[in-house]
Amino acid sequence: MDVINILDWINNLWSTFVHEFDFVFIQGDRYKQMLDGIFNTLKITAGSLVIGILIGIVVAAIRSSYDKSGARHGFGFAILKVLNAICKVYLTIIRGTPVVVQLMICYFLIFISARDGVPVAIFAFGINSGAYVAEIFRGGIMAVDNGQFEAGRSLGFNYVQTMIYIVIPQMFKAVLPTLCNEFIALLKETSVAGYVGVMDLTKAGNSIAGRTYSYFLPLLTVAAIYLVVVMILTWLVGRLERRLRKSDH
Amino acid sequence: MTTNNTLIKVENLVKSFGDIKVLKGIDTEIKHGEVVVIIGASGSGKSTFLRCLNRLEESTNGHIYFKDTDITDPKVNINVHRQKMGMVFQQFNLFPHMTVLKNMISAPMKLLKMSKEDATNKAMALLEKVGLADRADAYPSQLSGGQKQRIAIVRALCMDPEVMLFDEPTSALDPEMVGEVLELMKDLAKEGMTMAVVTHEMGFAREVADRVIFIDEGVIAEEGTPEEIFGNPQCPRLKEFLSKVL
């Protein structure tokens with residue numbers, strides 16, 4: 001094969017690609033479906049992220065308060081014990097069943113009248129992510145030196161204030177890399193949202209592939225988009241980490 | 001329950017951890033402006049005693065009165081009383097995610113509702129006094145041990161406490177940094193601050209204490225002026241202890 005042949009080959013490949021791209025994405029405005037898919041995937045990820053963090057903080061606070069509690073009697077402790085038991089049941093069920101099953105239970109059994117699957121998916125993935133985030137946060141809270149807690153209390157902060165102003169900021173910094181991992185996993189898990197009729201990125205790619213009988217370009221494009229989003233996310237978290245690290249020179 | 005001059009009164013204080021009885025009935029009182037130094041071998045219960053005074057440890061039995069309030073009563077809002085009881089720890093426990101200034105102003109701002117300006121002025125005046133004003137924007141990790149402990153002391157002072165509790169404040173310091181912390185504590189004592197100090201620094205006890213308490217096996221084995229304790233100890237355990245540390 002000489003140089004001319006190679007150039008010829010590349011040229012052919014390129015025109016095949018352009019033709020394929022035009023056929024798959026441009027004709028019938030199918031790229032719009034793709035954009036919808038990206039938008040829905042990001043919406044579901046962001047929404048469930050917020051829900052997951054909120055649930056995570058509450059569950060982690062309850063669980064670590066229970067573990068740390070000095071007085072193991074009285075009315076307050078009884079309430080804590082009940083809350084802790086509820087949290088444990090929640091963690092067991094959510095972590096013990098596949099997210100796609102949870103999603104389908106939400107859509108087909110709980111929110112039967114829901115027409116739009118996106119809010120249901122945000123709810124289901126949020127509840128699911130909360131369980132994992134809770135355990136990440138609990139580990140982080142337990143890793144903060146107890147002296148920090150005591151110093152806060154000795155200044156007169158109550159339990160909740162000490163948590164909010166002193167323990168949780170330090171916990172957050174410690175768990176950031178692990179948390180980032182969870183977010184990446186969450187983003188990719190949302191690819192099963194198609195099971196409840198949501199046009200997410202994966203579903204969009206799959207549907208274009210089905211319509212055009214061309215699987216190569218749609219699926220690789222879908223994969224590339226996930227990859228880029230994950231890389232952007234990783235970069236953002238890295239920047240945040242560096243900013244938070246300025247206090248430990 | 002207490003006379004006008006008494007700030008803290010401790011009655012039959014008992015503290016157990018599980019089956020182990022650490023404090024076996026302590027009775028004492030701390031007067032306004034008094035500097036009480038608590039000495040004893042490690043494991044004698046002296047730190048536990050100090051930590052019971054602001055309920056960082058919940059006592060098992062007995063009563064602690066702080067300005068006529070029985071703070072061992074579960075119905076008492078201990079947070080309000082802790083604001084008036086500054087505490088300094090062996091491990092400093094500065095908040096690593098905050099600058100020195102933020103360490104000092106967050107409690108006054110959030111608990112005493114001080115304006116940021118007032119709190120900052122107050123904190124800066126205290127930093128000026130201890131010669132660390134130029135470190136206001138530093139993070140704790142950038143400070144030496146002695147500096148950390150001095151900041152921890154002025155952080156507690158920002159709340160205008162009526163008593164300061166010191167839990168072995170110099171035990172985690174390099175030897176050359178012990179002096180600067182003790183100097184600051186001496187200044188505080190001279191200004192009339194009520195202080196309860198658990199320490200191994202016998203020189204400090206001798207020089208600054210109004211009263212020395214020797215705790216042994218969970219009880220006050222002997223107490224008196226520094227002259228009595230160091231010059232003429234009575235109890236054999238105290239004699240033995242002093243022969244080891246002096």
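Both backbone and side-chain heavy atoms feed into the values below; hydrogens, waters and symmetry mates do not. Protein chains get the first letters and strands the later ones, always in sequence-line order, with residue 1 at the start of each.
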* Roughly how far, to the nearest 0.5 Å, is CD of A:Gln161 from OG of B:Ser106? -> 10.5 Å

* Who among B:His81, B:Met85, B:Gln91, B:Arg155 has the most heavy-atom pairs with chain A under 4.5 Å? -> B:Arg155

* Asked: Under the 3.5 angstrom rule, does the side chain of B:His97 hit a backbone N or O of A:Lys173 as a donor-acceptor pair?
  -> no

* Asked: Can you say whether B:Phe95 sits under 4.5 Å from chain A via the side chain, the backbone, both, or neither, judging by heavy atoms?
  -> both

* Do B:Lys110's NZ or CZ and the ring of A:Phe157 fall within the cation-pi criteria of under 6.0 Å and 45°? -> no

* **Min side-chain heavy-atom separation A:Gln170-B:Pro96 under 4.5 Å** => yes

* Would you confirm whether B:Asn93, through its side chain, and A:Gly147, through its main-chain N or O, come within 3.5 Å as a donor-acceptor pair? => yes

* Please assess B:Asn79 against A:Arg153 for the test side-chain hydrogen bond (donor to acceptor under 3.5 Å, both in side chains), listing each intermediate value before the final yes or no. => CA-CA 7 Å; B:Asn79 301 315; A:Arg153 295 304 304 267; 3.2 Å; yes

* Do A:Asn158 and B:Ile78 touch side chain to side chain, with heavy atoms closer than 4.5 Å? -> no

* B:Lys122 NZ: over 12 foreign heavy atoms closer than 6.0 Å -> yes

* To do: Would you indicate whether A:Leu109, at its atom CG, is surrounded by more than 12 heavy atoms from other residues, nucleotides or ligands within a distance under 6.0 Å?
  => yes

* Near A:Tyr90 OH, under 6.0 Å, is it more than 12 heavy atoms from other residues, nucleotides or ligands? -> yes

* Can you tell me if CE on A:Met142 sees more than 12 non-hydrogen neighbours from other groups inside 6.0 Å? -> yes

* To do: Would you indicate whether B:Phe17, at its atom CZ, is surrounded by more than 12 heavy atoms from other residues, nucleotides or ligands within a distance under 6.0 Å?
  => yes

* Around atom NZ of B:Lys186, are there more than 12 heavy atoms of other residues, nucleotides or ligands at under 6.0 Å? -> yes

* Asked: Contact part of B:Arg55 toward chain A, heavy-atom cut-off under 4.5 Å: side chain, backbone, both or neither?
  -> neither

* Asked: So does B:Glu191 have more than 12 non-hydrogen atoms from other groups sitting under 6.0 Å from CD?
  -> yes

* To do: Answer yes or no: are there more than 12 heavy-atom neighbours, outside A:Tyr159 itself, under 6.0 Å from its atom OH?
  => yes

* Structure fact -> Shortest non-hydrogen pair, A:Ala151 vs B:Phe89, comes out as CA-CE1, 3.7 Å

* So what's closer than 4.5 Å to chain A heavy atoms on B:Leu94: side chain, backbone, both or neither? -> backbone

* Asked: Is B:Met87 close to A:Leu155 at the side-chain level, that is, under 4.5 Å between some pair of heavy atoms?
  -> no

